[in-house]
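In this text, all values refer to a predicted model and were calculated from it rather than measured experimentally. In the text below, chain A, chain B and the rest are named by the order of the sequence lines, each starting its count at 1.
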Amino acid sequence: MPLSDQEQIRRNSLEELRKLGINPYPAAEYKTNAFAEDILENFDSTKTDFAGVSMAGRIMSRRIMGSASFAEIMDSTGRIQIYLKRDDICPGEDKTLYNSVFKHLLDIGDIIGVKGFVFKTQTGEITVHVKELTLLSKSLRPLPVVKEKDGTVYDAVTDPELRYRQRYVDLIVNPPVRDVFRKRTQLIQSMRELFNSKGYLEVETPILQPIPGGATARPFITHHNTLDMPLYLRIANELYLKRLIVGGFEGVYEFAKDFRNEGMDRTHNPEFTVMEIYIAYKDYNWMMNFTEQIISKAAIDLHGKAEIPYGDKIINLNPPYRRVTMLDAIKEFTGIDISAMDEPTLRKTCDGLNVPNTPEMGKGKLIDAIFGEKCEHHFVQPTFIIDYPAETSPLTKMHRSKPGLTERFELMINGKEIANAYSELNDPVDQLERFQEQLRLSEKGDDEAMFIDLDFVRALEYGMPPTSGMGIGIDRLAMLLTNQPSIQDVLLFPQMKPEGQKPKAESEESEYLDLGIPAEWILPLKKLGFTTIAMLREAGKAGKLANDLNGFNKKNKLGLAGLSTEVVGSWLEKI
RNA sequence: CGGCCCGUAGCUCAGCUGGUAGAGCACGUGACUCUUAAUCAUGGGGUCGAGAGUUCGAUCCUCUCCGGGCCGACCA
């Protein structure tokens with residue numbers, strides 16, 4: 001890849017700096033004692049607090065006015081203006097540091113350290129008056145320059161492709177993005193704090209699993225060479241965490257990356273983060289209350305209140321949340337009571353409601369389909385949907401009083417599933433039968449049905465206390481709490497297709513000369529895209545090529561003698 | 001997987017019924033000691049995503065491909 005003019009200029013500056021004996025990438029620690037945010041919030045011109053600050057950051061703008069200049073540097077807390085005066089940073093005879101280094105060899109994007117004192121300019125802006133300037137890292141690539149005045153941002157970098165592929169640039173030039181990711185981390189800390197305060201244990205379980213259990217999803221498959229066996233990237237960690245409850249822990253939780261080999265869209269990334277927690281001697285009713293506590297605490301920790309904006313909506317995360325059974329929800333939005341229907345009747349009902357269905361779908365899946373199609377999106381304010389059909393809940397305890405249903409809830413917020421929980425099935429015989437039923441479903445063609453994990457059944461046979469477990473989609477909750485429309489906006493590095501490969505090596509000059517092409521025409525040819533002889537072979541008509549070359553000559557005022565079609569044709573013949 | 005839209009200078013974007021490209025910022029040079037989207041003067045910078053076709057001639061029209069976005073399908 002040829003360098004752009006701006007990149008070339010920066011590389012030249014780099015060399016100039018080295019010639020002046022300035023290391024553009026010094027090794028030494030640069031001690032700082034102040035951050036931009038702290039200065040801007042706490043500077044008081046009647047006090048002497050910031051008389052000797054040392055700070056470091058990236059140059060984000062420059063306004064040079066002869067022998068004095070203003071610039072802005074950005075550190076991890078934000079931007080602050082700095083003021084440089086030639087005779088202040090160059091007290092002696094030698095004015096090179098200002099005249100050459102600052103004015104010409106430094107650029108927007110370079111990282112510098114400054115020492116000086118804080119003052120307020122005539123226009124009232126808190127500014128660092130620089131006495132000492134140190135280059136800490138030279139930037140060789142021009143940064144997009146985003147300007148702002150009176151709250152209006154100019155030339156903001158909004159191209160999603162650039163923002164997601166080069167997140168570092170996004171983070172530099174779009175300050176709110178850094179805040180989103182700080183909030184994401186705060187969210188996780190808020191939850192961890194709560195769990196730890198209750199004595200629950202944070203654990204780690206395998207990501208490479210011989211059996212991808214605990215959920216219904218297509219896994220990624222990999223291969224271990226030494227064991228010579230397939231391993232799956234986990235789709236869930238549920239079965240491992242429950243083994244730990246069998247092992248005697250009161251409560252265990254994990255912030256886990258899961259991987260699912262499925263479609264990608266605004267709410268799905270192939271790898272995503274789930275918090276799963278399992279607590280002994282609890283049931284799903286207890287877990288609903290606990291979930292309300294988790295969510296409302298997180299909202300308050302991030303926003304100071306539990307009423308939060310999302311898009312054009314206000315979502316109230318103050319408990320208690322509405323609780324609706326799945327069958328009631330369907331009744332509410334379709335007017336149909338499906339509670340007594342058998343499979344054929346349900347299928348007809350689906351057809352009548354225009355809910356797509358296939359013969360492989362059993363009763364539970366049909367109910368799920370109706371709910372997904374007709375109900376789910378209506379639940380904008382937080383709502384627990386409770387009591388799911390057994391067929392789609394193979395790890396859930398049967399309902400204590402409602403036959404055919406399980407003690408399961410999903411928390412819906414803004415029409416999306418945020419959490420999923422149940423009273424865990426701990427009857428090992430029932431569990432094995434449910435796994436076997438899943439196997440039958442998979443033979444029937446349901447490629448999401450679960451594998452049988454016999455070791456998990458063995459663990460249950462030793463006895464697991466009654467337990468409630470819950471999973472929260474951290475990415476989706478982060479979207480909600482940071483008011484972001486896409487999962488890509490809450491993942492630092494969302495999955496993307498690789499960028500296209502850049503061009504192959506160029507042909508040597510001698511290869512052009514061998515064809516009888518005059519040396520002065522080689523550059524124009526390359527500029528027109530014929531960087532290799534092979535490309536020239538495919539150039540086609542000599543007339544067009546001659547025309548293009550003459551046009552290039554004229555446009556760039558090269559002053560070369562014009563080429564005839566015949567001459568160009570003679571080159572092409574020799575290839 | 002299907003529909004719609006997008007890809008032009010480092011960045012943000014114009015570009016008419018087809019005649020090989022413009023602006024602002026950024027960048028180079030010069031001026032300027034409190035500026036702030038600094039200002040003024042001046043200059044350089046483009047395989048118009050890639051390839052093929054139609055045409056005397058394509059950034060523009062047609063097709064294929066690549067990458068991205070939105071919507072739908074699939075999918076928790």
Side-chain angles (χ1 to χ4, degrees), chain A residues 2-10 12-13 61-72 79 81-88 98 103-104 107-109 119-125 127 129 140-150 152-165 169 173 215-218 235-236 258 260-268 272 274 356 358 368 372 376 392 410 412 416-418 420 447-448 471 473 476 485-486 488 496-503 525-531 535 538 540-541 543-544 547-548 551-552 554-556:
Chain A
L3 295 174
S4 70
D5 57 343
Q6 295 197 41
E7 287 172 299
Q8 194 52 57
I9 286 161
R10 283 170 184 240
N12 294 344
S13 298
S61 71
R62 262 192 324 175
R63 295 179 284 276
I64 297 173
M65 296 163 305
S67 58
S69 297
F70 288 92
E72 276 178 301
R79 291 187 183 204
Q81 180 169 268
I82 63 173
Y83 176 69
L84 296 97
K85 214 166 155 180
R86 188 216 292 139
D87 296 336
D88 282 339
Y98 183 82
K103 277 170 74 173
H104 294 286
D107 293 287
I108 289 175
F119 74 111
K120 216 173 232 183
T121 63
Q122 284 171 10
T123 44
E125 181 156 349
T127 302
H129 188 126
L140 296 181
R141 242 175 224 275
L143 211 52
V145 176
V146 180
K147 297 201 172 186
E148 190 239 307
K149 183 183 188 178
D150 301 332
T152 310
V153 177
Y154 298 83
D155 300 332
V157 174
T158 53
D159 175 18
E161 187 161 3
L162 194 160
R163 291 189 48 222
Y164 302 148
R165 283 193 199 282
V169 173
V173 304
T216 52
R218 276 192 291 273
I235 55 173
D258 287 347
R260 297 187 183 177
N261 203 342
E262 286 165 358
M264 294 166 64
D265 59 33
R266 216 176 62 252
T267 54
H268 295 83
F272 59 102
V274 174
T358 59
D368 221 24
E376 199 173 71
T392 52
E410 288 192 2
M412 314 296 308
K416 293 270 181 260
E417 175 199 345
I418 294 290
N420 181 11
D447 60 0
E448 290 177 24
R476 291 185 185 177
S486 165
Q488 296 171 112
M496 288 266 191
K497 278 200 183 186
E499 292 173 89
Q501 294 303 318
K502 287 295 194 294
L525 270 171
K526 289 193 172 186
K527 281 280 184 186
L528 283 172
F530 300 102
T531 50
M535 294 169 92
E538 285 160 25
K541 295 175 204 153
K544 171 168 168 47
N547 198 358
D548 286 347
F552 185 90
K554 193 171 149 198
K555 183 189 166 205
N556 292 286

Problem set entry | Distance in angstrom units between A:Lys416 NZ and B:rC75 C1', rounded | 12 Å
Exercise. How would you label the contact of A:Lys497 with the nucleic acid (heavy atoms, under 4.0 Å): base, sugar-phosphate, or nothing?
Worked result: sugar-phosphate
For this session: Would you mind telling me which of B:rG67, B:rC25, B:rC34 lies closest to the side-chain atoms of A:Tyr83?
Result: B:rC34
Seminar exercise, completed: From CD1 of A:Ile64 across to P of B:rC40 the rounded distance in Å is 16 Å
Seminar exercise, completed: Regarding the side chain of A:Ile9, the nearest nucleotide among B:rC27, B:rC74, B:rA38 is B:rC27
Seminar exercise, completed: The answer to which of A:Ser486 and A:Pro142 contacts RNA chain B further toward the 5' end, by nearest nucleotide, is A:Pro142
Exercise. With both distances kept under 3.5 Å, what pairs with B:rA76, Watson-Crick or G-U wobble?
Worked result: none
For this session: Select base, sugar-phosphate, or nothing to describe what A:Glu125 touches, counting heavy atoms under 4.0 Å on all strands.
Result: base
Exercise. With respect to the side chain of A:Thr121, which nucleotide from B:rC11, B:rC34, B:rC25 is positioned closest?
Worked result: B:rC34
For this session: Round to the nearest Å and state the distance from A:Lys103 atom NZ to B:rC27 atom P.
Result: 14 Å
Problem set entry | Touch class at under 4.0 angstrom, heavy-atom based, for A:Phe119 against every strand present | base
Seminar exercise, completed: A:Gln122 CD to B:rU33 P, in whole Å, measures 14 Å
For this session: Look at the side chain of A:Arg63 and decide which nucleotide, out of B:rG28, B:rU35, B:rA76, has an atom nearest to it.
Result: B:rU35
Exercise. Base, sugar-phosphate alone, or nothing: which one does A:Gln488 contact when heavy atoms must sit under 4.0 Å apart?
Worked result: sugar-phosphate
For this session: Nearest whole angstrom, please: distance from the C1' of B:rA76 to the CZ of A:Arg260.
Result: 7 Å
For this session: Give A:Glu7 one of three labels, base, sugar-phosphate or nothing, depending on what nucleic acid heavy atoms sit under 4.0 Å from its own.
Result: nothing
Exercise. When we call it a touch if two heavy atoms are under 4.0 Å apart, what does A:Ser4 touch: a base, just sugar-phosphate, or nothing?
Worked result: sugar-phosphate
Problem set entry | A:Glu410, nearest nucleotide to its side chain (from B:rA76, B:rG69, B:rG10) | B:rA76
Exercise. Which whole-number value in Å describes the distance from A:Leu162 CG to B:rC6 C1'?
Worked result: 15 Å
Exercise. How long is the line joining CG of A:Asp159 and C1' of B:rG49, in whole Å?
Worked result: 12 Å
Exercise. What does A:His268 touch in the nucleic acid at a heavy-atom separation under 4.0 angstrom: a base, only the sugar-phosphate, or nothing?
Worked result: base
Problem set entry | Nearest-angstrom distance from the residue atom CZ of A:Arg10 to P of B:rC11 | 13 Å
Problem set entry | Closest to side chain of A:Met65, choosing from B:rG69, B:rU35, B:rU29 | B:rU35
Exercise. Between B:rG69, B:rA38, B:rC11, which nucleotide has the shortest distance from any of its atoms to the side chain of A:Pro160?
Worked result: B:rG69
For this session: Would you please confirm or rule out a distance under 4.0 Å between OP1 or OP2 of B:rC71 and any side-chain N or O of A:Arg266?
Result: yes
Exercise. According to the Watson-Crick and G-U wobble definitions, with both distances under 3.5 Å, which nucleotide is paired to B:rU54?
Worked result: none
